[in-house]
Amino acid sequence: MDRFVIEGGRKLSGSVRVGGSKNAALPILFATLMTRGRSRVHNVPRLRDVEFTLTILRELGMAAEWLGEHTIELEVVDEAPCEARYDLVRRMRASFCVLGPLLARRGKARVAMPGGCAIGVRPVDLHKKGLEALGATLPLEHGYFDAVATRLRGAEVFLGGHTGPTVTGTANVMMAATLAEGTTVIEGAACEPEVTDLADFLVACGARVQGQGTPRIAVEGVSELRGCDYTVIPDRIEAGTLVLAGAMANSDIRVEGARGDHLGAVSDVLRQIGIRVVREDGGLRVHASRDVDPVDVTTQPYPGFPTDLQSQLMALLTIADGISVITETIYPDRFMHVAELNRMGASIRKQGASAVVSGQRQLSGAEVMASDLRASAALVLAGLVAKGVTEIQRVYHLDRGYERLDERLAGLGAAIRRVEGPGEAFEGGVA
Ligand code: EPU
């Protein structure tokens with residue numbers, strides 16, 4: 001298994017480019033199951049989760065190939081296969097997004113129910129509720145949804161749950177609705193930019209979708225979707241992670257391609273702790289030049305502070321000048337990084353769904369273990385400033401969602417290198 005070795009204490013400088021959004025690209029790739037003709041999807045990041053998605057799509061009868069560094073060409077060649085095996089779904093939860101497209105286009109889908117993962121229980125009841133409202137039946141037997149829909153029909157459905165809207169649930173129901181008879185209205189829809197990007201892709205394929213980016217999405221069903229050329233939005237979570245890396249290293253860097261309008265809550269929190277994030281033409285600039293102040297932050301659905309940047313912000317607050325409280329409302333158990341950050345000298349106490357972070361003057365390098373994608377990113381950020389050497393094991397978690405993060409941070413001046421180990425099975429399981 002590969003590991004990262006980081007020598008802390010270097011300043012960062014220069015500029016780094018943000019890649020295409022993982023969480024936008026995955027549902028868009030799954031949506032091509034519903035299209036006739038060829039699609040070319042551009043700005044797709046080279047990640048393990050994307051490779052894994054292509055494996056699933058090929059099993060489901062698609063031709064899918066890379067054309068150059070970040071473009072994938074896809075076309076349906078066989079509409080008979082309808083099963084997404086447990087062995088696939090358990091490794092990458094986003095693969096549950098085959099359900100809506102398969103039901104809409106092929107009338108049936110046998111998809112394993114995903115289990116919990118390192119960040120929590122993660123139910124799929126809202127996906128089921130939405131697809132049932134459109135007329136599908138989804139009996140659960142032996143761990144599989146054996147879903148059938150002779151004809152999907154538009155309906156009104158409320159998708160808000162106990163913790164707010166569901167991102168991939170909104171995606172699944174919106175995709176299914178594009179080929180349903182009549183109009184579907186999704187109330188309590190997720191407003192995340194990744195959902196908007198999927199809707200824009202569907203529109204480019206001929207779907208009629210309105211209201212994306214708001215809690216009320218209306219979809220008027222059409223009889224057919226055709227392949228198209230589409231460019232995925234930049235990854236706001238990767239951009240936020242890079243911005244936080246600049247802040248952590250008390251440096252001045254530019255994040256090329258980052259969309260300031262997708263990172264409003266993050267910029268606001270950084271401003272509160274004394275770091276300036278300035279929107280420039282085509283990117284964001286981070287100015288960090290002094291000790292950071294503590295802050296209290298609660299994760300929320302978009303446009304609030306994203307849960308996917310909670311662990312990285314926590315890494316930064318471990319060196320703040322005072323006590324911060326981070327409250328996690330989306331995944332109350334998403335705190336696997338706490339124990340590892342504490343091994344590096346941080347002082348974090350978990351209290352229910354909150355973490356109380358007492359800022360320390362200095363972290364110290366240690367051997368730590370990555371447990372999931374965003375927790376790994378937090379350990380990398382901590383390693384950038386820790387005294388001495390930090391070794392992060394199991395960086396395959398990180399490779400699921402960040403393309404060559406080591407090389408890109410090294411390009412900014414960080415002393416980070418990858419040490420290759422024997423290959424490991426792709427166990428995935430979170431995002
Ligand atoms: N929820 C339900 N019922 C459902 C679905 C969700 O109660 O049927 C609850 C969840 O338990 C959670 C909340 O709703 O408390 C939000 O979950 P959501 O469904 O929005 O999460 P997701 O769609 O499974 C996506 C991202 C995650 C990101 C979340 C929240 C993808 C592939 N994954 O997951 O990304 O944390 O939205 O923004 O888009 C990551 O990239 O590291 C990652 C985990």
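Below, each value reflects all heavy atoms present in this structure, side chains not excepted, and no hydrogens, waters or symmetry copies. Predicted model, so just to flag it, every value in this text is computed and none were measured.
Residue pairs meeting the ring-ring contact (aromatic ring centres under 6.0 Å, His included) criterion with at least one partner in residues 18-41, sequence neighbours excluded, are absent. For residues 146-192, no pair satisfies ring-ring contact (aromatic ring centres under 6.0 Å, His included), with sequence neighbours left out. Within the structure, every pair that satisfies the side chain to side chain donor-acceptor pair (under 3.5 Å) test and touches residues 219-228, not counting sequence neighbours, is listed here: Arg36-Glu224, Arg208-Glu220. Sorted by first and then second residue, the pairs that involve residues 162-191 and meet salt bridge (charged side-chain N to carboxylate O under 4.0 Å, His left out), not counting sequence neighbours, are Arg151-Glu181, Arg153-Glu181, Glu187-Arg216. Sequence neighbours left out, the pairs with a member in residues 195-229 that pass ring-ring contact (aromatic ring centres under 6.0 Å, His included) are Phe201-Tyr230. Counting only residues at least two apart or in different chains, ring-ring contact (aromatic ring centres under 6.0 Å, His included) contacts with residues 56-83 are absent.
Not counting sequence neighbours, the partners of Glu238 by the salt bridge (Lys or Arg N to Asp or Glu O under 4.0 Å) test are Arg408. In terms of the salt bridge (Lys or Arg N to Asp or Glu O under 4.0 Å) criterion, Arg349 has no residue partners (sequence neighbours excluded). With sequence neighbours excluded, the residues satisfying salt bridge (Lys or Arg N to Asp or Glu O under 4.0 Å) with Arg254 are Glu256, Glu280. Residues satisfying the side chain to side chain donor-acceptor pair (under 3.5 Å) criterion with Lys129, sequence neighbours excluded, are absent altogether. Remark: His127 pairs with Phe96 by the ring pair (Phe, Tyr, Trp, His ring centres under 6.0 Å) rule, at least two apart or across chains. Remark: Glu328 pairs with no residue by the salt bridge (Lys or Arg N to Asp or Glu O under 4.0 Å) rule, at least two apart or across chains.
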